[in-house]
Peer 1: 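Handing you a structure now.
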Amino acid sequence: MPEYQTHVHDVLVIGAGGAGLRAAIEASASGVSVGLVCKSLLGKAHTVMAEGGIAAALANVDDRDSWQVHFADTMRGGQYVNNWRMAELHAKEAPDRVRELEAWGALFDRTADGRILQRNFGGHRYPRLAHVGDRTGLEMIRTLQDHGIHMGIDVHMECTIVQLLKSGDRIAGAFGYERERGRFKLFRAKAVVLATGGVGRAYKITSNSWEYTGDGHTLAYDAGADLMDMEFVQFHPTGMVWPPSVRGILVTEGVRGEGGVLKNSLGRRFMFDDIPENYRPQTADNEEEGWRYTQGDKSARRPPELLTRDHVSRCIVREIKEGRGSPHGGVFLDISWIKARIPHAAEHIKKKLPSMYHQFKQLADIDITQEAMEVGPTTHYIMGGVRVDADTQMSTVSGLFAAGECAAGINGANRLGGNSLSDLLVFGKRAGEFAAKYAVGQKAADVDGSQADAAARRALEPFERGTSGEGPYQVQYALQDMMQDLVGIVRNEGEMKRALDCLRTLRARAARVGIGGHREYNPGWHSALDLHNLLTVSEAITLSAIERKESRGGHFREDYPDKDPAFATFNIVTRKSRDGSTEVSRAAIPPMPQELKKVVEEMK
Amino acid sequence: MGQTATFRIWRGNGHEGTFTDYATEVTEGMVVLDAVHQIQAHQAHDLAVRWNCKAGKCGSCSAEVNGHPRLMCMTRLNQLNLAKPVTIEPMKAFPPIKDLVTDVSFNFRAKKSIKPFKPRPPDAPDGTWRMAQADVERVQEFRKCIECFLCQDVCHVLRDHRLFDEFVGPRHMIYAAALEMHPLDVEQRARDLKDAYGVGFCNITKCCTKVCPEGIGITDNAIIPLKERVIDQLYDPVVKLLRMFR
């Protein structure tokens with residue numbers, strides 16, 4: 001085999017957002033050697049864009065909160081197809097993970113008595129999100145980064161993994177290239193942690209950065225691991241809709257948490273018109289009570305704007321479809337109205353939502369302290385991902401772990417806002433801990449050079465076709481348009497079957513993509529290689545969505561608009577079969593232990 | 001709008017390069033990064049540019065637009081004169097890699113050289129601390145930094161005098177200030193600020209403050225207080241005298 005630059009680590013972590021950094025820190029602290037691969041520069045990962053906060057039942061603001069309430073909220077939000085053990089671990093361990101960030105230098109906003117302040121968010125019964133204004137993700141990634149750089153972790157920046165390497169049934173390392181010079185790199189590792197985030201770039205309108213091309217999902221799938229719940233994609237209700245170049249950029253749920261309201265073109269607060277039965281007891285039925293809730297009145301129930309994201313998105317789509325949308329095809333989100341309620345409202349908004357103020361001012365010429373924003377749903381998050389063991393985060397492939405957005409389970413059919421950052425911390429730590437433990441018990445596996453050679457050959461194919469082939473961006477745009485149209489917020493069987501046909505055509509087009517130039521920092525080449533990942537996750541999403549013949553959480557079928565209890569008993573799993581096609585199966589959800597069942601019942 | 005504009009983009013490698021003109025259609029609301037992406041998709045697939053979030057949050061797409069250090073994702077085309085070609089160049093303080101991409105690894109080394117956060121023992125038996133909002137606010141200002149390194153790009157100590165070994169630059173001055181002013185931090189950094197981080201090299205021209213996309217008061221709120229701290233701790237005559245007899 002040709003000589004590749006080779007790195008040897010006990011644990012290789014792929015992805016350096018919240019989950020990857022936390023995993024690397026934990027593995028490194030346990031004494032094993034750790035490599036951390038990031039697709040961009042360190043500290044630029046998608047976590048940086050998280051705005052609202054980290055959900056953890058610290059009970060600093062409302063002492064009625066507890067892990068039990070957080071657990072029940074998460075299960076209710078996920079429509080009970082979550083991995084209950086992950087939801088339990090998450091609710092129990094999130095407070096310690098947040099306090100640990102403070103010990104590493106994070107500076108959260110404070111309560112009057114000097115503790116970590118918590119704010120309201122959709123689907124959370126009590127104020128639960130530790131936050132820093134509307135830039136919590138930045139605070140989190142910077143804290144982990146600044147802590148991690150002093151721990152002896154080898155960081156490989158601007159490096160993309162194209163294939164996992166195996167030795168028999170277990171993981172042996174990974175193969176990729178570094179962007180700057182375009183050279184291949186071979187990583188030998190006893191354990192690999194995937195923490196690569198999501199798949200939003202498979203859709204046209206998304207809040208996700210360019211990195212979100214389903215890399216970890218695809219690496220795992222190609223290595224023979226199971227993917228689960230891929231039909232559950234979250235469309236965040238509030239993305240920017242105007243001007244066109246910013247379409248999809250996130251508008252934090254924190255706007256609604258601070259009292260922002262959704263209105264249609266008639267000026268009606270349409271969220272009061274459709275409150276789901278299982279949320280009715282805890283949702284305000286009048287505007288006055290909703291306002292009191294956002295201002296911390298413990299006797300008030302939350303306004304319907306803070307219902308779960310799947311539901312709010314569908315209500316917005318309904319308003320737009322029925323002709324009550326805003327001029328640019330969204331609805332209105334208004335925080336400026338609070339000037340009627342509190343003094344110095346403009347200053348208050350700028351202080352609580354500084355990034356939102358600047359984002360709209362700079363990109364849309366809108367002053368959110370004076371006028372309403374136009375917002376609409378945007379592809380934000382995938383609940384599905386690599387199927388993992390709840391306690392250890394190990395996938396169905398020995399030595400391969402996954403954490404954060406690229407892993408499945410904790411969120412079920414719909415994720416609550418704020419549960420992502422806590423998921424990264426809780427399961428990032430666990431993945432790092434158990435990957436290190438696994439590595440300690442293993443001898444280094446042999447790496448069969450032919451796997452790397454084959455990966456290298458495949459990676460270079462677009463150069464061989466040169467500029468006579470179709471450009472990679474054109475295929476990517478066609479895929480994004482297709483997924484947006486046929487496997488978006490509202491789905492049906494006919495359209496999704498058509499999507500499968502389109503995917504076959506797009507795969508053929510992707511196989512003919514050619515690029516010019518050389519291997520040094522060539523974005524055309526990188527985009528060409530991303531196509532395989534985007535097509536793989538798009539197919540998994542579509543096949544899973546066809547299989548789930550009901551509507552639940554983020555997955556809405558107009559041909560099966562209701563929830564079907566028969567579908568509450570299993571998750572949908574996709575894996576690569578021996579002939580290379582995708583095999584779809586159903587995995588029964590194990591029964592919940594009595595004590596957790598009791599918690600769910602008590603919180604109903 | 002709905003017009004065509006010309007973008008004069010630096011194309012080159014680590015050693016040499018040239019400006020190339022690209023004409024592309026401009027539509028309402030577009031930012032410079034949109035134009036670069038459009039050119040990349042249709043005219044120059046291999047045009048190298050760093051970007052991630054396209055929302056002003058990650059600090060990846062720093063460049064010099066018509067000579068001004070800017071985030072390309074937050075620079076609206078309607079703020080520019082499109083009658084003339086818009087020039088887009090890489091940051092000049094850092095070694096070029098390709099096209100708009102530069103080698104910013106200096107910044108990661110500089111940060112690592114600064115003594116990390118060291119908290120005082122917890123205030124409460126449950127291992128937590130108490131801090132007032134008023135006390136965290138001034139540090140929160142520094143922690144808004146998105147590490148776009150535009151301040152490093154314009155700092156003449158780095159850009160013109162190339163004193164990369166002597167001065168960590170404005171970004172890391174605010175990093176050091178965030179640690180020094182952190183209500184819980186107990187680490188001593190005064191000696192390092194003077195000797196290793198080179199706080200004395202800053203002569204307060206405030207170029208860094210002017211280009212900060214986050215509006216951080218880099219010079220007034222971070223660097224000047226750090227200079228004062230060094231003087232207080234290392235040059236106070238009474239303290240110096242006491243130190244001689246200790």
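Computed from a prediction, not measured in an experiment: that's the story for all the values here. Residue numbers start from 1 in every chain, and the chains themselves are labelled A, B, ... in the order their sequence lines are given, proteins ahead of strands.
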Peer 1: I'd like to know which of L117(A), V132(A), I515(A), D365(A) tops the heavy-atom pair count under 4.5 Å against chain B.
Peer 2: D365(A)
Peer 1: Do R50(B) and R179(A) have side-chain heavy atoms sitting under 4.5 Å apart?
Peer 2: no
Peer 1: With only heavy atoms counted, which part of K144(B) is less than 4.5 Å from chain A, the side chain, the backbone, both or neither?
Peer 2: both
Peer 1: Is atom NZ of K350(A) surrounded by more than 12 heavy atoms (other residues, nucleotides or ligands) closer than 6.0 Å?
Peer 2: yes
Peer 1: With a 4.5 Å limit on heavy-atom distance, are the side chains of R143(B) and R135(A) in contact?
Peer 2: yes
Peer 1: Below 4.5 Å from any heavy atom of chain A, which atoms of V31(B) appear? Answer side chain, backbone, both or neither.
Peer 2: both
Peer 1: Closer than 4.0 angstrom, basic N to acidic O: yes or no for R130(B) and D113(A)?
Peer 2: no
Peer 1: When you measure from the side chain of K54(B) to the backbone of V246(A), do you find a donor-acceptor pair of N or O atoms at a distance under 3.5 Å?
Peer 2: no
Peer 1: How close do W242(A) and E28(B) get, heavy atom to heavy atom, and via which atoms?
Peer 2: CZ2-OE1, 3.4 Å
Peer 1: Looking at A132(B), P119(B), P116(B), A55(B), which one has more heavy-atom pairs under 4.5 Å with chain A than the rest?
Peer 2: P116(B)
Peer 1: Measuring heavy-atom distances to chain A, does I146(B) have an atom under 4.5 Å in its side chain, in its backbone, in both, or in neither?
Peer 2: both
Peer 1: Is it true that atom CZ of R138(B) has more than 12 heavy atoms of other residues, nucleotides or ligands lying nearer than 6.0 Å?
Peer 2: no
Peer 1: Tell me, do W525(A) and D46(B) make a side-chain contact under 4.5 Å, heavy atoms counted?
Peer 2: no
Peer 1: Considering only heavy atoms from C-beta outward, does the side chain of T128(B) approach that of I116(A) to under 4.5 Å?
Peer 2: no
Peer 1: Among Q79(B), E214(B), Q140(B), which residue forms the greatest number of heavy-atom pairs with chain A at distances under 4.5 Å?
Peer 2: Q140(B)
Peer 1: Between T143(A) and chain B, which part of the residue has a heavy atom less than 4.5 Å away: side chain, backbone, both or neither?
Peer 2: both
Peer 1: Examine K44(A) relative to F149(B) and say whether NZ or CZ is less than 6.0 Å from the centre of the six-membered ring and inside a 45° cone about the ring axis.
Peer 2: yes
Peer 1: Please classify the contact between A103(A) and chain B as side chain, backbone, both or neither, with a heavy-atom cut-off of under 4.5 Å.
Peer 2: both
Peer 1: Mind ranking S527(A), G133(A), P243(A) by heavy-atom pairs under 4.5 Å with chain B and telling me who comes out on top?
Peer 2: P243(A)
Peer 1: Run the side-chain contact (heavy atoms from CB on, under 4.5 Å) test on L41(A) and F108(B) for me, step by step, so that the C-alpha distance in whole Å, both residues' side-chain angles and the decisive distance to 0.1 Å come before the verdict.
Peer 2: CA-CA 10 Å; L41(A) 297 173; F108(B) 293 93; 4.1 Å; yes
Peer 1: What part of Y477(A) is in contact with chain B, defined as an atom under 4.5 angstrom from a non-hydrogen atom: side chain, backbone, both or neither?
Peer 2: side chain
Peer 1: Is any side-chain heavy atom of L107(A) less than 4.5 Å from a side-chain heavy atom of M131(B)?
Peer 2: yes
Peer 1: Which atoms of L42(A) are under 4.5 Å from chain B, going by heavy atoms: the side chain, the backbone, both sets, or neither?
Peer 2: both
Peer 1: Going from CG on L47(B) to OH on Y521(A), what distance comes out if it is rounded to the nearest 0.5 angstrom?
Peer 2: 11.0 Å
Peer 1: Check whether V104(B) gets within reach of chain A through its side chain, its backbone, both or neither, counting any heavy atom under 4.5 Å.
Peer 2: side chain
Peer 1: Under 4.5 Å, counting heavy-atom pairs only, tell me which of Q145(A), R115(A), H150(A), Q362(A) racks up the most with chain B.
Peer 2: H150(A)
Peer 1: Please check this pair: side chain of H45(B) against backbone of P472(A), looking for a donor-acceptor N/O pair closer than 3.5 Å.
Peer 2: no
Peer 1: Where the side chain of Q474(A) meets the backbone of A41(B), is there a donor-acceptor pair that is under 3.5 Å apart?
Peer 2: yes
Peer 1: Could you tell me the separation between the CD atom of Q38(B) and the OG atom of S245(A), rounded to the nearest 0.5 Å?
Peer 2: 10.0 Å
Peer 1: Closest heavy-atom contact between W104(A) and F117(B)?
Peer 2: C-CD2, 3.4 Å
Peer 1: Which one of M240(A), H518(A), H147(A), E158(A) has the most heavy-atom pairs closer than 4.5 Å to chain B?
Peer 2: E158(A)
Peer 1: For the residue pair N52(B) and H46(A), establish whether any side-chain heavy-atom pair is separated by less than 4.5 Å.
Peer 2: no
Peer 1: Do Q359(A) and M74(B) have side chains that approach each other closer than 4.5 Å (heavy atoms only, starting at C-beta)?
Peer 2: no
Peer 1: Give, as side chain, backbone, both or neither, the part of P183(B) having an atom under 4.5 angstrom from any heavy atom of chain A.
Peer 2: side chain
Peer 1: Which one wins on heavy-atom pair count under 4.5 Å against chain B: E51(A), R181(A), H526(A)?
Peer 2: E51(A)
Peer 1: Counting only N and O atoms by type, is there a donor-acceptor contact under 3.5 Å from the side chain of R76(B) to the main-chain atoms of L363(A)?
Peer 2: yes
Peer 1: When you look at R142(A) and E147(B), which way does the salt bridge (Lys or Arg N to Asp or Glu O under 4.0 Å) test go after all the steps?
Peer 2: CA-CA 10 Å; R142(A) 206 62 86 222; E147(B) 299 195 333; 3.6 Å; yes
Peer 1: R201(A) versus chain B, heavy atoms under 4.5 Å apart: side chain, backbone, both or neither?
Peer 2: side chain
Peer 1: Top residue by heavy-atom pair count (under 4.5 Å) with chain B, among E211(A), R99(A), M157(A), H358(A)?
Peer 2: M157(A)
Peer 1: Counting distance only, does the side-chain N/O of K57(B) pair as donor-acceptor with the main-chain N or O of A50(A) below 3.5 Å?
Peer 2: no
Peer 1: Within the side chain of W210(A), is there an N or O that forms a donor-acceptor pair under 3.5 Å with the backbone of C53(B)?
Peer 2: no
Peer 1: If the threshold is 4.0 Å, N to carboxylate O, is there a salt bridge linking E137(B) and K351(A)?
Peer 2: yes
Peer 1: Would you say the side chain of I97(B) lies within less than 4.5 Å of the side chain of E520(A), judging by non-hydrogen atoms?
Peer 2: no
Peer 1: L179(B) versus chain A, heavy atoms under 4.5 Å apart: side chain, backbone, both or neither?
Peer 2: neither
